[in-house]
Amino acid sequence: MKTKTPWHSGKMICVAVFFIAAIVTLVAIAIVQNKPLEQKYKYGIVLDAGSSHTAMYIYEWPAEKENNTGMVGQRHKCKVKGKGISSYAREVAGAGRSLAMCMEEAKQCIPAAKHQDTPVYLGATAGMRLLMKQDRNSAVKVMEAVQQTLQASPFSYQGARIISGQEEGAFGWITVNYLGKNFQKAAGTMGALDLGGASTQITFVSKETIQSPDNAMEFRLYGNDYQVYTHSFLCYGKDQVLKLALEKKLKSADTSLEDPCFHTGYSEDKLFQKVFDSPCVQAVSTDAMNKSFMHKGSGNFIECQNSIKDIFNFSQCKNSQCSFNGVYQPPVEGTFGAFSAFYFVMNFLNLTGQSLADTKKGMEHYCQTPWNTIVENHPKVDKKYLAEYCFSGTYILTLLENGYNFTSENWKDINFIDKIEGSNAGWSLGYMLNLTNMIPAEAPDTPLMPHGGFVTLMLFLTLFLLILLFLGYTFLGRPSCLPPKEIV
Ligand SMILES: Nc1nc2c(ncn2[C@@H]2O[C@H](COP(=O)(O)OP(=O)(O)OP(=O)(O)O)[C@@H](O)[C@H]2O)c(=O)[nH]1
Ligand SMILES: [Ca+2]
């Protein structure tokens with residue numbers, strides 16, 4: 001005779017059945033309860049008022065996840081027609097009006113119900129820094145004009161200001177690392193190289209203690225401390241540097257100039273004013289300003305590079321090492337994202353993934369190509385941009401190699417990038433993240449496991465228990481609460 005163990009008792013089996021039924025119900029409730037709610041989005045607008053033009057960026061992010069890295073993305077970009085706001089010094093109202101079309105686009109792009117909760121910021125960079133030096137009064141008026149336009153919009157106006165070179169560098173670094181989700185990775189961060197029209201920035205994390213306070217920034221982000229080196233070179237953006245280079249070559253009595261940085265066959269009558277209208281170059285007399293010179297190309301990369309080296313001062317350095325013009329810079333470290341004109345120019349020249357030696361060969365070949373061939377090969381490219389690629393590419397090479405001290409070994413660490421995960425690399429995203437406190441100092445609490453993982457685990461456990469029950473039933477006999485099997 002078999003002895004009845006408590007496990008064999010029908011009551012126990014029934015209890016087990018109810019127990020499992022309860023678990024199944026629990027899991028079902030957990031699934032329904034934890035189903036992600038319909039995503040609610042928030043929006044933010046940043047106007048990047050650069051020296052050459054203004055761009056408006058609309059960012060969006062899921063309302064519940066604003067503190068998680070990488071959650072904010074670019075929803076829309078609008079390029080303001082015409083030049084940068086600093087070009088409106090003599091007609092300041094035009095600066096405000098120039099933004100109207102993009103603000104209209106923003107109204108269409110962001111749901112009306114969200115307009116008044118959407119912050120709008122404007123940050124002006126090197127063009128306005130230069131205007132501030134040249135004509136403070138007009139600069140203030142330009143900023144007032146853009147402020148008025150933004151305040152008249154339905155969005156929540158949060159300020160229009162000229163940002164510092166350090167901020168521009170640091171926020172560009174925050175943007176690329178936020179988008180690359182690098183703040184929570186052990187692999188470390190990526191340096192940022194930004195080449196604008198009027199200034200250029202270099203920003204990276206250095207192991208070396210930063211020897212000059214002006215170049216040091218400290219951040220605590222997602223629970224990690226970062227010591228960042230940053231420097232912004234005013235007048236070393238691609239448009240201002242062309243003026244610096246021409247200034248070096250031009251004498252006020254010259255009626256023509258042969259320039260190795262422009263293609264053979266290129267010839268354009270230019271006003272002295274075009275070169276000398278900036279605080280980056282030495283002033284000349286009004287008489288001289290109204291004269292013109294014939295700008296002719298001779299297309300020679302090596303000669304062009306030698307002429308560009310003249311605009312850097314490599315001789316004085318008060319610290320252990322410098323980039324140029326006596327500016328302290330520790331040795332470059334890690335990988336870099338190079339964006340804005342670094343990307344526009346190197347991408348056009350097809351020189352984004354090459355060794356330093358091949359990049360130089362590519363430049364040599366490009367610069368010596370006659371102007372009519374260049375025009376024939378690129379019928380759709382704006383002639384102003386087209387004429388300057390030899391100069392700009394040579395400047396970029398010289399700045400990176402001779403200025404920042406990149407070598408043929410670490411050249412491959414420079415990634416020429418336009419966008420990361422659909423968002424443009426630039427200071428504007430980092431600026432907004434900072435002002436909306438969206439990058440916490442400490443890592444936000446995260447659930448033990450993601451929603452999908454939790455549901456899968458619960459289902460798996462339930463299934464496991466059901467199998468156990470089935471096995472128990474098969475091997476240990478039927479419970480007494482079920483009707484007995486008919487004996488044949
Ligand atoms: N080739 C090319 N050049 C461009 C393009 N867009 C802008 N540029 C030029 O590249 C340079 C840098 O452009 P941006 O990064 O927009 O410069 P910015 O923000 O106006 O200037 P900063 O205030 O100095 O930052 C300028 O000389 C622009 O005229 C483009 O699509 N193609
Ligand atoms: Ca810029």
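Read the numbers this way: they start at 1 and go in the same order the structure lists the ligands and their atoms.
The aromatic ring centres of F155 and Y43 sit 6.0 Å or more apart.
Ring geometry, F219 versus W173: the interplanar angle falls under 30°, so the pair is classed parallel (tilted spans 30 to 60°).
A cation-pi geometry, defined here as NZ or CZ lying under 6.0 Å from the six-membered ring centre and within 45° of its normal, holds between K270 and F262.
One finds a salt bridge joining K360 and E401 here, because a Lys/Arg side-chain nitrogen approaches an Asp/Glu carboxylate oxygen to under 4.0 Å. Using a 4.0 Å cut-off between a side-chain N of Lys or Arg and a carboxylate O of Asp or Glu, E268 and K384 do not qualify as a salt bridge. Remark: K361 engages D358 in a salt bridge, criterion side-chain N to carboxylate O under 4.0 Å.
Sorted by chain and number, the residues within 4.0 Å of ligand 1 by heavy atom are G50, S51, S52, H53, T125, A126, E168, L195, G196, G197, A198, S199, K238, D239, S340, A341, F344, Y385, Y389.
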